[in-house]
Amino acid sequence: QVQLVESGGGLVQAGGSLRLSCAASGRTFNSYVMGWFRQVPGKEREFVAAIRWSGGSTLYADSVKGRFTISRDNAKNTVYLQMNSLKPEDTAVYYCAAALRFTLATAAHEYDAWGQGTQVTVSS
């Protein structure tokens, strides 16, 4: 069973940076796509970024392109989301997700496992 544990959220001023981590366990993740999503109350979960564990190809939402970077550390079974130039509209609960698939995916229903989420708050 896949287990995902996020960490690294917090409160930061606009223009600042945070790095989120997602520790993955329970499987060999070579055949997985890992994603980051975010959600604010009353809205649907929104795609942020995804990475293929094998090969490392990436995909980003237009709203974060050029500011966020997704990466993975194979030795630590951990996926990261480096968030720079943060804006108040980036405030949300951020979720890590895993999908057993070959191609990168942006829809939440395409992911099989989810972490518990970590709060990111950006003050203006």
> To the nearest 0.5 angstrom, please state how far the OG atom of Ser31 sits from the CZ atom of Arg52.
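Taking OG in Ser31 and CZ in Arg52, the distance rounds to 9.0 Å.
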
> Going from CG on Leu18 to CD on Gln82, what distance comes out if it is rounded to the nearest 0.5 angstrom?
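The CD atom of Gln82 is 8.5 Å from CG of Leu18, to the nearest 0.5 Å.
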
> Under a 4.5 Å side-chain heavy-atom rule over Ile, Leu, Val, Met, Phe, Trp and Tyr, are Leu86 and Leu81 clustered together?
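Yes: a chain of side-chain contacts under 4.5 Å links Leu86 to Leu81.
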
> For Asp112 and Ala99, work out which heavy atoms get closest and say how close.
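What the structure gives for the nearest pair is OD2-CA, 3.4 Å.
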
> Do Val33 and Tyr95 sit in the same hydrophobic cluster, where Ile, Leu, Val, Met, Phe, Trp and Tyr count as joined when their side-chain heavy atoms come under 4.5 Å apart?
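Same cluster.
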
> How far apart are the C-alpha atoms of Tyr94 and Gln119, what are their side-chain angles, what is the distance that settles it, and do they pass the side chain to side chain contact (heavy atoms under 4.5 Å, CB included) test?
CA-CA 6 Å; Tyr94 283 70; Gln119 175 71 47; over 6 Å; no

> Leu4 vs Met34, test: side chain to side chain contact (heavy atoms under 4.5 Å, CB included). Steps then yes/no.
CA-CA 10 Å; Leu4 306 172; Met34 304 297 292; 3.8 Å; yes

> When the aromatic ring centroids of Phe47 and Tyr60 are compared, is their separation below 6.0 Å?
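They do not qualify: ring centres at least 6.0 Å apart.
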
> Return yes if some donor-acceptor pair links the side-chain N/O of Thr118 with the main-chain N/O of Gly9 below 3.5 Å, else return no.
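Side chain of Thr118 to backbone of Gly9: a pair is present.
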
> So, for Tyr111 and Ala50, which heavy atoms are closest and what is the spacing to 0.1 Å?
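Closest approach of Tyr111 to Ala50: OH-CB, 3.6 Å.
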
> Please tell me whether Trp36 and Phe68 form a close aromatic pair, meaning their ring centres lie under 6.0 Å apart.
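Ring-ring flag for Trp36/Phe68: false, centres at least 6.0 Å apart.
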
> Nearest heavy-atom pair of Ala92 and Val40: which atoms, and what distance?
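The answer is CB-CG1, 3.7 Å.
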
> Under a 4.5 Å side-chain heavy-atom rule over Ile, Leu, Val, Met, Phe, Trp and Tyr, are Val2 and Ile51 clustered together?
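Hydrophobic grouping puts Val2 with Ile51.
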
> Are Leu59 and Leu20 connected, step by step, through hydrophobic side chains (Ile, Leu, Val, Met, Phe, Trp, Tyr) whose heavy atoms are closer than 4.5 Å?
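No: no chain of side-chain contacts under 4.5 Å links Leu59 to Leu20.
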
> In Å and rounded to the nearest 0.5 Å, what is the CZ to NZ distance from Arg67 to Lys87?
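One finds 4.5 Å between CZ of Arg67 and NZ of Lys87.
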
> Any chance you could pull the hydrophobic cluster mates of Phe102, using side-chain heavy atoms under 4.5 angstrom and chaining through other members?
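None; Phe102 is a cluster of one.
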
> Mind listing the closest non-hydrogen atom pair of Ser124 and Ala14 along with its distance?
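Closest approach of Ser124 to Ala14: CA-CB, 4.4 Å.
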
> Does Gln116, at its CD atom, have more than 12 non-hydrogen atoms belonging to other residues, nucleotides or ligands within less than 6.0 Å?
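More than 12 heavy atoms, drawn from other residues, nucleotides or ligands, come within 6.0 Å of this atom.
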
> Looking at SG of Cys22 and CD of Glu6, how far apart are the two atoms once the value is rounded to the nearest 0.5 Å?
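Rounded to the nearest 0.5 Å, the SG-CD separation comes out at 5.5 Å.
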
> Any chance you could measure Phe37, atom CZ, to Cys96, atom SG, to the nearest 0.5 Å?
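Those atoms lie 10.0 Å apart.
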
> Hey, is the main chain of Lys76 close enough, under 3.5 Å, to the side chain of Thr78 for a donor-acceptor pair?
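Yes; at least one donor-acceptor contact below 3.5 Å.
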
> Start with the C-alpha distance between Trp114 and Arg45, add both sets of side-chain angles, then the distance that settles side chain to side chain contact (heavy atoms under 4.5 Å, CB included), and finish with yes or no.
CA-CA 12 Å; Trp114 293 84; Arg45 200 162 289 190; 3.2 Å; yes

> Would you please indicate yes or no on a ring centroid separation below 6.0 angstrom for Trp53 and Phe29?
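So the answer is yes for these two rings.
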
> Nearest heavy-atom pair of Glu110 and Arg101: which atoms, and what distance?
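Heavy atoms of Glu110 and Arg101 come nearest at OE2-NH1, 3.5 Å.
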
> Between Glu89 and Val122, is the side chain to side chain contact (heavy atoms under 4.5 Å, CB included) condition met? List the steps.
CA-CA 8 Å; Glu89 51 263 43; Val122 184; over 6 Å; no

> Look at Asp90 together with Arg38 and state whether they make a salt bridge at an N to O cut-off of under 4.0 Å.
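Salt bridge flag = yes for Arg38 with Asp90.
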
> Check whether any side-chain heavy atom of Val79 lies under 4.5 Å from a side-chain heavy atom of Ile70, and answer yes or no.
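Counting from C-beta outward, Val79 and Ile70 do come under 4.5 Å.
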
> Under the 6.0 Å and 45° cation-pi test, does Arg19 pair with Tyr80?
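Yes, a cation-pi geometry.
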
